[in-house]
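Heads up: the structure comes next, in structure tokens.
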Amino acid sequence: MSDEEHHFESKADAGASKTFPQQAGTIRKNGYIVIKARPCKVVEVSTSKTGKHGHAKCHFVAIDIFNGKKLEDIVPSSHNCDVPHVTRTDYQLIDISEDGFVSLLTENGNTKDDLKLPTDDTLLTQIKDGFAEGKDLVVSVMCSMGEEQICALKDIGPK
């Protein structure tokens, strides 16, 4: 065996899974669940009683966190469901390009230029108007299962 020390660059998602298993009966309203390979926020959960074949079933109604589509799923309450890892990060808005991409300032001083403007019309106009007025804007970016999208906006005052 060698006596060399090995150093690894550590990243937050270094090979980590995009989801983790959780028993269906323990998932509650306002939690997250993966339905049809999409990360969703649970808006309604109803549980049926055990039937002839012995499993209580959970009926989930959830909304896709990126496109807002309503999805439903029915799972036996003793079975495992995939739950997505969902993170929210705040970035300061630096610039908006003509092709619909934003330039954001990360906490360590680097720029992040690979994010598109949101598709939600009210949020889109708030960002564009605030930026045109020269306000300092902080956007919240939701990240899950390899997708990222701007989901909220904070005004931290004029520049």
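Atoms NZ and CG, from Lys135 and Leu93 in turn, are 13.0 Å apart once rounded to the nearest 0.5 Å. The OG1 atom of Thr87 sits 9.0 Å away from atom CE of Met142, with the distance rounded to the nearest 0.5 Å. In this structure, CD1 in Ile27 is found 8.0 Å from SG in Cys58, a value given to the nearest 0.5 Å. Lys41 NZ to Ile65 CD1: the interatomic distance, rounded to the nearest 0.5 Å, is 9.0 Å. The structure places OG of Ser46 at 9.0 Å from CZ of Phe60, a figure rounded to the nearest 0.5 Å. Taking CG from Leu117 and NZ from Lys128, the interatomic distance works out to 6.0 Å, rounded to the nearest 0.5 Å.
Counting heavy atoms from C-beta outward, Gln92 and Asp136 have side chains that approach closer than 4.5 Å. Proximity of Ile127 to Leu123: side-chain heavy atoms (C-beta onward) are separated by under 4.5 Å at one or more points. The shortest side-chain heavy-atom distance between Val139 and Leu104 falls under the 4.5 Å cut-off. No side-chain heavy atom of His59 sits under 4.5 Å from any side-chain heavy atom of Val45. Using a 4.5 Å heavy-atom threshold, the side chains of Arg88 and Cys151 count as touching. Residues Ile63 and Leu71 form no side-chain contact, since every pair of their non-hydrogen atoms from C-beta on lies 4.5 Å or further apart. Contact annotation: the side chain of Cys40 never approaches that of Val34 to less than 4.5 Å [non-hydrogen atoms, C-beta and beyond]. Side chains of Leu124 and Thr122 form no contact here, defined as non-hydrogen atoms less than 4.5 Å apart.
Side-chain contact, Ser97 with Asp95: no donor N or O sits under 3.5 Å from an acceptor N or O.
The hydrophobic cluster containing Val61 does not contain Val42, counting ILVMFWY residues as joined when their side-chain heavy atoms lie under 4.5 angstrom apart, directly or transitively. By the rule that hydrophobic residues join a cluster once side-chain heavy atoms approach within less than 4.5 Å of another member, Phe66 and Ile150 end up as members of separate clusters. At a threshold of 4.5 Å between side-chain heavy atoms, the hydrophobic network of Ile, Leu, Val, Met, Phe, Trp and Tyr places Phe20 and Ile35 in one connected group.
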Next on the checklist: I'd like to know whether Val75 forms a side-chain contact (heavy atoms from CB on, under 4.5 Å) with Lys57, so could you lay out the CA-CA distance, the side-chain angles of the two residues, the decisive distance to 0.1 Å, and finally the verdict.
Outcome noted: CA-CA 6 Å; Val75 185; Lys57 293 206 171 30; over 6 Å; no
Item to check | Pair Asp155-Leu137, side-chain contact (heavy atoms from CB on, under 4.5 Å): steps then yes or no | outcome: CA-CA 5 Å; Asp155 182 3; Leu137 301 175; 4.3 Å; yes
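Sequence neighbours left out, the pairs with a member in residues 23-38 that pass side-chain hydrogen bond (donor to acceptor under 3.5 Å, both in side chains) are Gln22-Thr26, Arg38-Asp64, Arg38-Glu147. Listed by first and then second residue, the side-chain hydrogen bond (donor to acceptor under 3.5 Å, both in side chains) pairs that reach into residues 73-86 are His55-Ser78, sequence neighbours excluded.
Closest of all the heavy-atom pairs between Asp90 and Ser140 is OD1-OG, 2.6 Å.
Across Thr106, Val102, Thr111, a single residue satisfies side chain to side chain contact (heavy atoms under 4.5 Å, CB included) together with Tyr91, and that is Thr106.
Contact check on Asp114 versus Lys112 returns a salt bridge, with a Lys/Arg side-chain nitrogen under 4.0 Å from an Asp/Glu carboxylate oxygen.
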